[in-house]
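To start, the structure itself, in structure tokens.
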Amino acid sequence: MMRRSLTLFAALFVLILGVGFVLGVPFTTSRLVEAAAYSLIALGLNIQWGYGGLFNFGIMGFLMLGGFAVTFMSYPINPLFWGSDGPFMLGKAILAFVAGAGLVYGAQQSHRIGIKGGWKVALTVLVWFVAYCVYRSQIDPAAAYIEALSGKDGWVGGLGLHPLVGWLFGGVLAAIVAYIVGKICLGLRTDYLAIATIGISEIIRALIKNMDWLTRGTLSVSPIPWPTPLPQDYQANGVDNLTALIYARAGFLVLALVVLGIAVFLISRAYAGPWGRMMRAIRDNHIAASSMGKNVTSRQLEIFIVGSVLMGIGGAMLVSFQQIYDPTSYQPINHTFIIWVMVIVGGSGNNWGAMFGAVLIWMIWIISEPLAKAIFETVSHWSTMIGWSEIPDIESRSAQMRVFVLGLVITIALRFAPKGLIPEVVRREG
Amino acid sequence: MTELIFFINQVLISGAVLGSIYALGAIGITLIFGILRFAHFAHSELMTSGAFFAFLLAALFAAWGIHAPIPTGFVVLPIAMVISAVLALGIDKGFYAPLRKRGAKPVTLLIASIGVTLMMQGLTRLFFGAGTYSFFETETKVLYRFDMSALGSTRPLVITQPQVLMVLVTIIAVVALHFFLTRSRLGKAMRAMADNADLAQVSGINTALVVRVTWVIAGALACMAGTMLALDVTLKPDLAFNIILPIFAAAIVGGLGQAYGAIAGGFLIGFAETLAVFNWSTVLKPLNAVLPEWVHLPANLSLVPTEYKLTVAFVILVVTLLVRPTGIFKGASS
Amino acid sequence: MALIELTHVVGGYGGAPILNGVNIAIDQSDIGVIVGPNGAGKSTTLKAIFGLLKVTGGTIVFDGAEVTNSLPDKLVPRGLSFVPQEKNVFTSMSVEENLEMGAFTRKDAFGDTMEWVYDMFPVLKEKRNQKAGELSGGQRQMVAMGRALMSKPKLLMLDEPSAGLSPRYVIEIFETIVRVNKEGVGILMVEQNARQALAFASKGFVLASGQNRFTGTGPELIADPEVAKSFLGG
């Protein structure tokens with residue numbers, strides 16, 4: 001088993017070297033940073049699915065939250081917003097929201113003052129409706145006002161803090177949403193969690209895309225600052241372009257690997273200890289575990305939150321690195337399913353498997369497009385030589401091939417290694 | 001009266017069409033779940049590919065000079081359904097059956113179906129590009145306008161010919177399915193297998209045959225749903241991918257494994273979506289004349305802005321899961 | 001020649017075998033009863049016959065043909081039928097539909113078989129259109145048996161038919177089993193209610209640890225002090 005893992009990692013290393021050689025070092029370094037972020041995210045899913053048996057198909061939503069968090073935290077302050085009535089109106093809206101939430105909570109608890117059954121349901125529905133209307137009455141004018149600032153593209157701007165704060169905030173936001181979703185769904189059948197997470201992620205996407213006043217919506221936000229020096233910073237010190245790119249990206253990569261390393265260390269320690277044993281017991285037979293007095297749902301909630309935190313941080317890292325937050329760029333294929341593929345192909349239940357899968361799949365994803373293009377161009381070249389027309393639309397068709405290749409990789413992987421390339425090591429508990 | 005006609009146009013007719021599409025898709029999902037116990041994510045691709053088959057056949061018919069009083073899309077539908085059924089069988093044999101034989105867990109099959117979705121989407125885009133196609137490039141969409149001025153309305157009741165046919169075809173399909181499930185030996189065997197697969201096997205029911213029939217029905221109905229969707233809007237590679245989630249929601253809300261539940265769920269969600277995005281102001285406008293100034297209704301009083309339409313399905317789903325987790329018709333539970 | 005003959009059958013669910021050389025022989029006129037302690041392999045024997053688990057050693061011959069590891073859809077047309085212990089009715093289907101499912105493999109008209117079953121279980125005829133899931137435990141057991149009889153089997157196998165039933169239903173079920181046997185159906189059943197079942201068994205088999213320990217007619221086994229002491233609770 002160890003030998004197999006080492007061989008696979010060695011092969012992966014060779015692949016990375018090859019890619020670096022063909023596609024260039026700066027390009028490859030960028031991709032490696034992204035792979036590191038994806039490894040963190042895959043780790044998060046591995047905790048939820050591999051350890052906990054939970055189906056999270058809304059990873060995209062958590063990534064978007066992370067991206068939003070880092071954008072909001074680290075983007076420079078927008079003086080136009082702070083100098084206007086914007087904050088005041090927004091403050092009123094927030095108050096309305098809190099008041100509304102409080103009212104709804106009160107209605108939920110109204111059975112304590114004797115309102116029960118059908119009346120309580122009616123009261124709760126009524127209160128929801130009223131709270132919603134009141135909130136809309138405050139937020140709609142506030143949103144319109146903010147968006148009208150500076151002509152038409154106004155928004156609240158950021159808080160100008162260090163990106164690492166943004167990364168942490170990404171984790172926090174993800175944890176909050178995970179808590180809410182988990183509380184509702186974890187008592188039910190586990191495959192319902194899958195649908196619920198898809199739903200939440202779509203809702204998050206719709207919200208972020210349309211709350212122009214908060215996120216600039218489809219106009220996207222850029223440039224978002226880096227936690228480590230940018231290529232421009234190196235160039236300003238007299239380093240040439242190419243080396244500056246490499247230094248800067250390597251710097252980011254080092255930071256990313258540090259974060260990843262800390263996460264792996266903490267998780268491995270937890271997994272090896274009593275917490276980990278309990279988690280595995282629950283995953284493998286939660287009926288037996290709950291009969292032993294373990295509170296299965298609370299533990300599942302813990303797992304769900306921890307995994308989501310990693311996803312939030314990973315999502316934040318990606319957005320920081322790419323320096324642009326574009327809600328429309330989030331697609332379920334790229335941001336949810338690919339993570340699942342990484343974990344299943346790499347080996348669910350095994351941290352190293354998940355990370356291996358992340359890097360491998362990401363590498364395949366990025367070479368499939370240039371490779372497809374190269375193939376199409378060669379075929380096109382030959383076909384023109386024999387008198388047929390050349391293949392139209394090679395660019396977009398090559399882009400589509402990625403999707404096909406990904407599907408193919410999943411299918412082949414599942415046929416031959418249904419448990420993953422570096423599957424879980426089943427420990428014999430004494 | 002005008003407002004009522006507007007309401008009927010926007011909500012009832014649209015809702016019926018959308019509901020039909022959701023229902024037909026959801027039936028396939030729920031049957032596959034009932035018999036094979038996994039969530040067939042690639043169902044949207046069966047729908048989209050079915051629509052493309054119909055499109056190609058319709059183009060072929062047009063090239064051969066065959067015309068009919070109803071849109072060619074409907075004429076070729078039976079043939080396209082057969083092709084889709086065969087495709088569905090092929091996909092199962094190639095991708096899912098081998099995994100089932102090795103005792104794969106439901107989630108592995110789900111991921112495998114994701115793999116199939118990606119491959120099919122990739123192939124569709126490869127061959128057809130990412131653009132849109134319309135069934136009505138060479139023929140026109142017939143609209144029926146019913147003058148309602150006799151009833152005092154300034155708007156006519158508008159319904160397109162494809163929409164009429166869609167609802168008719170759905171009704172025929174549903175009735176046929178009902179008879180199949182309740183009167184035929186094979187249909188009852190399907191219900192038996194969905195109820196208790198082990199006992200069905202013990203009774204000597206040929207489970208492999210039932211599985212094949214399930215895929216045939218699911219494929220055919222998916223083709224129907226996809227073609228109808230394409231006839232109503234336009235045909236593009238991610239045609240059905242966008243509605244796969246409301247379709248799953250419909251199946252779950254109706255009760256997984258219950259075909260009638262899928263139909264009910266489909267229409268419930270279809271109407272809920274059209275009701276939610278409807279701008280109620282237009283209907284309630286006459287009230288403005290009666291109400292005092294400060295209670296006047298805002299210009300846009302839709303429950304949910306159009307961009308959030310898909311969230312309606314999820315809200316319904318969440319509510320269902322909280323209130324009645326096995327669905328309206330008490331479908332399968334773990 | 002015996003209707004069904006198990007010779008030195010070895011098998012299990014993968015992993016260590018549960019059956020370690022079981023021998024059983026039953027004629028069509030017999031009522032065969034398998035008893036023994038928990039884990040002895042009683043239900044496993046029936047499942048092995050019906051192809052529901054892997055037989056790795058020995059042979060099973062039914063009605064002259066070898067059927068080791070054959071699947072149910074081949075066995076039912078041959079005249080073998082099985083009533084599992086649990087989940088033995090289609091709860092969402094009506095009583096009559098349950099019976100129809102039992103006749104699935106038949107190519108001929110089965111109306112008179114259905115009349116025969118209703119004759120045996122009049123209460124089912126009353127409730128023919130009710131969903132099987134709504135019936136009481138005893139009535140469900142009747143549906144389960146009726147379903148298995150619809151294929152006009154030569155051998156009917158039952159796994160603990162009296163499990164979970166009230167005493168009144170236990171007697172009724174056993175009486176029905178005897179009657180079915182008189183009408184020409186061989187019976188092979190596993191029972192926990194050992195004494196009651198062995199009372200009318202023409203062939204009794206005591207299994208322990210996947211092997212035969214005692215064989216004889218039911219009354220013989222009851223009378224045997226060694227059997228009574230170890231397996232029948234004295």
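Letters go in sequence order (proteins before strands), and every chain restarts at 1.
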Counting distance only, does the side-chain N/O of C:Asp73 pair as donor-acceptor with the main-chain N or O of B:Asn206 below 3.5 Å?
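Flag not set: sc C:Asp73 to bb B:Asn206 has no pair under 3.5 Å.
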Where does [X] contact chain B at under 4.5 Å (heavy atoms): side chain, backbone, both or neither?
X	value
C:Leu75	neither
C:Arg106	backbone
C:Thr91	both

For a quick test of reading the model, state the closest non-hydrogen atom pair linking [X] to [Y] and the distance between them.
X	Y	answer
B:Asn196	C:Lys87	ND2-O, 2.8 Å
B:Ala189	C:Phe104	CB-CE1, 3.5 Å
C:Thr105	B:Ser203	CG2-O, 4.3 Å

Run the side-chain contact (heavy atoms from CB on, under 4.5 Å) check on B:Asp195 and C:Met101 step by step: do they pass?
CA-CA 12 Å; B:Asp195 184 308; C:Met101 288 298 98; over 6 Å; no
Hey, what do you get for CE (C:Met93) to NZ (B:Lys188), rounding to the nearest 0.5 Å?
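Interatomic distance, C:Met93 CE to B:Lys188 NZ, rounded to 0.5 Å: 7.0 Å.
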State the CG-CZ distance between B:Leu199 and C:Phe82, to the nearest 0.5 angstrom.
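One finds 10.0 Å between CG of B:Leu199 and CZ of C:Phe82.
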Measure B:Ala200 against the heavy atoms of chain C and call it side chain, backbone, both or neither at under 4.5 Å.
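When you check distances to chain C, atoms from both the backbone and side chain of B:Ala200 fall under 4.5 Å.
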Does C:Phe90 have B:Arg191 sitting over its ring (NZ/CZ under 6.0 Å from centre, angle to axis within 45°)?
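No, cation not above the ring by the 6.0 Å, 45° rule.
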